[in-house]
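Throughout, residue positions are numbered sequentially from 1 according to the sequence presented. Here the structure is a predicted model, which is why all the values come from computation and not from measurement.
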Amino acid sequence: YDIVQLPPRYRVLDFSKFTGIDEMTTMEHISRYLIQLGEASIEEAHKVRFFPLSLSRPTFSWFLSLEPNSITRWADLENKFHAYFYSETRENKITDLKA
């Protein structure tokens with residue numbers, strides 16, 4: 001993932017951090033992360049490469065505990081993230097958004 005070139009004049013941002021204990025949902029975090037990643041989000045490798053920068057201490061520890069070579073693409077990482085941190089009680093439903 002480090003080999004893929006960044007867009008010209010791209011500057012890595014200070015991403016919003018996911019703690020796993022606040023009110024931010026996994027869906028919201030992924031959406032916010034991809035927006036903050038900007039034009040670099042076009043490359044799947046950049047999504048994987050910079051994702052750990054959007055995690056705080058407890059969630060970063062989860063990332064470090066992933067099996068080596070268990071992430072081969074962005075979908076793998078996103079699915080594992082949702083599977084581990086998704087909480088149905090915190091996720092908004094469409095009816096919540098309508099209200």
Side-chain angles (χ1 to χ4, degrees):
Y1 293 113
D2 295 335
I3 299 171
V4 178
Q5 293 290 318
L6 286 166
R9 292 179 290 222
Y10 183 79
R11 189 175 52 100
V12 178
L13 300 172
D14 185 21
F15 295 102
S16 296
K17 305 289 188 216
F18 182 78
T19 65
I21 56 175
D22 61 12
E23 295 298 315
M24 187 181 297
T25 65
T26 58
M27 298 297 271
E28 181 183 358
H29 178 69
I30 294 290
S31 297
R32 187 174 295 201
Y33 168 70
L34 293 175
I35 289 169
Q36 288 181 317
L37 196 56
E39 63 183 309
S41 69
I42 295 169
E43 286 287 341
E44 185 169 320
H46 297 318
K47 292 182 211 177
V48 174
R49 179 181 179 190
F50 295 118
F51 190 69
L53 300 178
S54 74
L55 304 176
S56 71
R57 287 180 79 191
T59 54
F60 185 74
S61 295
W62 161 81
F63 178 81
L64 292 177
S65 74
L66 293 172
E67 290 290 323
N69 301 316
S70 65
I71 305 298
T72 59
R73 55 196 181 99
W74 169 246
D76 296 335
L77 181 54
E78 186 176 3
N79 290 336
K80 287 179 188 237
F81 177 73
H82 287 303
Y84 193 85
F85 292 107
Y86 176 83
S87 171
E88 192 171 314
T89 59
R90 290 191 324 206
E91 296 293 328
N92 288 329
K93 309 272 188 280
I94 194 70
T95 54
D96 296 329
L97 297 174
K98 279 179 67 176

Full working for side-chain contact (heavy atoms from CB on, under 4.5 Å) between His46 and Ser41: CA-CA 6 Å; His46 297 318; Ser41 69; over 6 Å; no
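From Ser56, atom OG reaches atom CZ of Phe15 across 15.0 Å, with rounding to the nearest 0.5 Å. If you take CD1 on Ile35 and CD1 on Ile30, they are separated by 11.5 Å, rounding to the nearest 0.5 Å. In this structure, the separation between OH on Tyr33 and CG on Leu53 is 7.5 Å, given to the nearest 0.5 Å. To the nearest 0.5 Å, atom CG of residue Asp22 and atom NZ of residue Lys17 are 13.0 Å apart. Within the model, atoms CG of Asn79 and OH of Tyr86 stand 13.5 Å from one another, a figure rounded to the nearest 0.5 Å. To the nearest 0.5 angstrom, Phe81 atom CZ is 11.0 Å from Leu66 atom CG.
Considering all non-hydrogen atoms of both residues, Lys80 and Ser70 come closest at NZ-CB, 3.6 Å. Considering every non-hydrogen atom in both Thr26 and Phe18, the closest pair reads CG2-CZ, 4.1 Å.
Counting heavy atoms from C-beta outward, Leu55 and Thr19 have side chains that stay 4.5 Å or more apart. Between Phe51 and Glu78, the closest side-chain pair of non-hydrogen atoms is not below 4.5 Å.
A salt bridge links Glu28 to Arg32: one of the charged nitrogens lies within less than 4.0 Å of a carboxylate oxygen.
One hydrophobic cluster, built from ILVMFWY side chains closer than 4.5 Å, holds both Leu64 and Ile71.
In this structure, Asp76 contributes its side chain and Arg73 its backbone to a donor-acceptor pair below 3.5 Å. Formation of a donor-acceptor pair under 3.5 Å by the Ser31 side chain with backbone atoms of Met27 is found in this model.
Residues His29 and Ser54 bring a donor and an acceptor atom of their side chains to less than 3.5 Å of each other.
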